[in-house]
J.: 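Mind having a look at this structure? Questions to follow.
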There are 2 protein chains.
Amino acid sequence: MGTAERKAKEKEELKALILGAAKKLFAEKGIEETTIRSIAKEIEYSVGTVYVYYKDKTEILHDLHQQGFAQLGGEFRALFHVSDPMERLKALGRIYMKFALENTQMYDLMFNMKAPMDFIKANEEHHWKEGNATFDALRKTVQECMDQGYFNGHQLEPLSFAIWGSVHGMCSLYIRDRVKAATGQEPDPLMNKAFEDLMLMFSKK
Amino acid sequence: MGTAERKAKEKEELKALILGAAKKLFAEKGIEETTIRSIAKEIEYSVGTVYVYYKDKTEILHDLHQQGFAQLGGEFRALFHVSDPMERLKALGRIYMKFALENTQMYDLMFNMKAPMDFIKANEEHHWKEGNATFDALRKTVQECMDQGYFNGHQLEPLSFAIWGSVHGMCSLYIRDRVKAATGQEPDPLMNKAFEDLMLMFSKK
DNA sequence: CAAACATAATGAACAGTGTTCAAAAAATCA
DNA sequence: TGATTTTTTGAACACTGTTCATTATGTTTG
């Protein structure tokens, strides 16, 4: 039936409209400062309408964090053209860090905020497929590095986690305003140099 | 004048009482879930009283985060008995991580939450002395390691930051529930193994 | 076409938050 | 004791996420 189809499409469109407004406001004024009312106002609908399409705020946050992973995942996938695994590992790290610095709010949502994980726990019985896929890209690359003689005497899983953690840690400190406050240095150059330092240590055979 | 003295002391005591209640509730039910009203109830005073002794919630959070740094700082200082700098570096990391895993709420407050930094920006013109002192302990130790031939070809500042970031990153992912969700592994053993992996790489001459 | 029905949108209302501040209570002083 | 100062109070305000009876709109049917 044509009408039902069109209806379903319209519903999807409005849902996307809400999400788009949320994304815009999050980037503009931060996630904490963005209210359901401000989202409703942005798209010129009432608060109630937002709740017709999203059962609560964590669902909006979860949908948005999926968009972030779609973008980062795409950039990761593009890097699998690089055949040298250590080069690819470095590139993955660089892209990851670039993403974090250029999309601080989104990165925060993906890797720091509790909301998306709360939503997953409450609705999808514990499967964070976005995080899994991203970690998999890293793990695969680390495995290939090990096959080439890198990371001797290490185990794949903890090593991959350690590498993720080390880059995430710098990004997280950056986003949460601890870098300049603790080191006294300009954050951006320090981040880049520190990243190189890490990679230099990681790539020692 | 004796009375004025006693008064000042009583004021300090009540302030400490508020802070103690806050600390207790934070550890019990989490920081986000602890309200000014619940703090007031805990010490059997009214909401208004809390605001006589603390100008707002960020000040409570800031005072509490100072307590955390006092504890961690004390544990750090005790480690300066270890004369071998690389051994001390590893011990610093282990203590840091132990602190994070055993005081998740406090660690979150110290290194993730925005409130304490917001308070500092608004009230103490940008000087995070707690963070500075802690980073200094790390930096000093890293310098001594470099003096002994470790970390060849690295610069002190970015390297120290990278080391901090790498341990912080794992702790942060742990606290924000990303470890098991992304890796599928049991978090605690993975953390410990990953920490060893990092230290192994750091200590390669 | 009009009436019956189904779907979508609304916004006042609720319970909760941090915060304020005139008023009440308690303590101190003369 | 009475006046004055200090401390404590909690109702009230502006905000939050969320709900749901009511209204408006669209669709189907006799």
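Letters A, B, ... are given to chains in the order of the sequence lines, protein chains preceding strands, and every chain is numbered from 1.
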J.: Should B:N192 and B:E196 be marked as a side-chain hydrogen bond (donor to acceptor under 3.5 Å, both in side chains) after you check the CA-CA gap, both sets of side-chain angles, and the distance that decides it?
T.: CA-CA 6 Å; B:N192 286 318; B:E196 283 173 34; over 6 Å; no
J.: Would you check if B:L19 and B:Q67 make a side-chain contact, meaning some heavy-atom pair closer than 4.5 Å?
T.: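 Of all side-chain heavy-atom pairs linking B:Q67 with B:L19, at least one is under 4.5 Å.
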J.: C:dA9 P sits how many Å from A:L17 CG, rounded?
T.: 11 Å
J.: D:dC15 P sits how many Å from A:E33 CD, rounded?
T.: 14 Å
J.: May I ask you to say what A:L14 touches in the nucleic acid, namely base, sugar-phosphate or nothing, with a heavy-atom cut-off under 4.0 Å?
T.: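 It contacts sugar-phosphate atoms only.
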J.: Can a side-chain donor-acceptor contact be found between A:D56 and A:Y51 if the only test is distance below 3.5 angstrom?
T.: no
J.: Can you name the atoms? Protein N/O to nucleotides 19-24 of chain D N/O, anything below 3.5 Å, with the distance.
T.:
none

J.: Could you tell me how far apart A:I18 (CD1) and C:dA8 (C1') are, to the nearest whole angstrom?
T.: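 Going from A:I18 (CD1) to C:dA8 (C1'), I get 12 Å.
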J.: Please determine whether a side-chain nitrogen or oxygen atom of B:T49 lies at a distance below 4.0 Å from atom OP1 or OP2 of D:dT9.
T.: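 Yes.
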J.: Hey, could you give me the CG/OG1 distance between B:L14 and B:T49, rounded to the nearest 0.5 Å?
T.: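 Answer rounded to 0.5 Å: 7.0 Å.
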J.: Could you report the tightest heavy-atom contact between B:L109 and B:P116, atom names first, then the distance?
T.: O-CG, 3.4 Å
J.: Would the B:F69 and B:W128 ring centres measure less than 6.0 Å apart?
T.: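 Between B:W128 and B:F69, which both carry aromatic rings, the centre distance is below 6.0 Å.
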J.: Is the backbone of B:Q66 close enough, under 3.5 Å, to the side chain of B:E130 for a donor and an acceptor to pair up by distance?
T.: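 No; judged by distance alone, with no hydrogens or angles, the pair does not exist.
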J.: Could you work out, with ring pair (Phe, Tyr, Trp, His ring centres under 6.0 Å) as the rule, every residue matching A:F135, not counting sequence neighbours?
T.: A:W164
J.: To the nearest Å, how far apart are B:I31 CD1 and C:dG18 P?
T.: 13 Å
J.: Return the nearest nucleotide to the side chain of A:K57; candidates are D:dG17, C:dG18, D:dT8.
T.: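 Of D:dG17, C:dG18, D:dT8, D:dG17 is nearest to the side chain of A:K57.
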J.: If only side-chain N and O atoms count, and only distance matters, is there a donor-acceptor pair under 3.5 Å linking B:H65 with B:Y107?
T.: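 B:H65 and B:Y107 do not have a side-chain donor-acceptor pair below 3.5 Å.
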J.: Can you tell me the distance, in whole Å, between the CD atom of B:E10 and the C1' atom of D:dT8?
T.: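 Computing the B:E10:CD to D:dT8:C1' distance gives 13 Å.
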J.: Starting at CD of A:E32 and ending at P of D:dG17, how long is that distance when rounded to a whole Å?
T.: 11 Å
J.: Is there a side-chain contact between A:L198 and A:M170 (heavy atoms, below 4.5 Å)?
T.: yes
J.: If a protein heavy atom is under 4.0 Å from the base, mark B; if only from the sugar-phosphate, S; if neither, -; do that for nucleotides 22-27 of chain C going 5' to 3'.
T.: ------
J.: Which residues pass the ring pair (Phe, Tyr, Trp, His ring centres under 6.0 Å) test with A:H154, sequence neighbours left out?
T.: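 With neighbours one apart ignored, the set is empty.
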J.: Please determine whether a side-chain nitrogen or oxygen atom of A:Y53 lies at a distance below 4.0 Å from atom OP1 or OP2 of C:dA9.
T.: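 So the side chain of A:Y53 is within the cut-off, an N or O lying under 4.0 Å from OP1 or OP2 of C:dA9.
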J.: Listed in order of residue number, which residues of residues 34-45 of chain B have a non-hydrogen atom at under 4.0 Å from DNA chain D?
T.: B:R37, B:Y45
J.: Would you work out how much the helix from C:dC1-D:dG30 to C:dA30-D:dT1 bends between its ends, with each end axis defined by five base pairs, to 10 degrees?
T.: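 The helix from C:dC1-D:dG30 to C:dA30-D:dT1 shows an end-to-end axis angle of 30°.
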J.: Report the relative orientation of the aromatic rings in B:Y96 and B:F111; use parallel for angles under 30°, tilted for 30 to 60°, perpendicular for over 60°.
T.: tilted
J.: Taking C-beta and beyond as the side chain, do B:H62 and B:E124 meet within less than 4.5 Å on heavy atoms?
T.: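 Yes, side chains in contact.
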J.: Does B:F195 have B:R94 sitting over its ring (NZ/CZ under 6.0 Å from centre, angle to axis within 45°)?
T.: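 Judged by the rule (NZ or CZ under 6.0 Å from the ring centre, within 45° of its axis), B:R94 is not positioned above B:F195.
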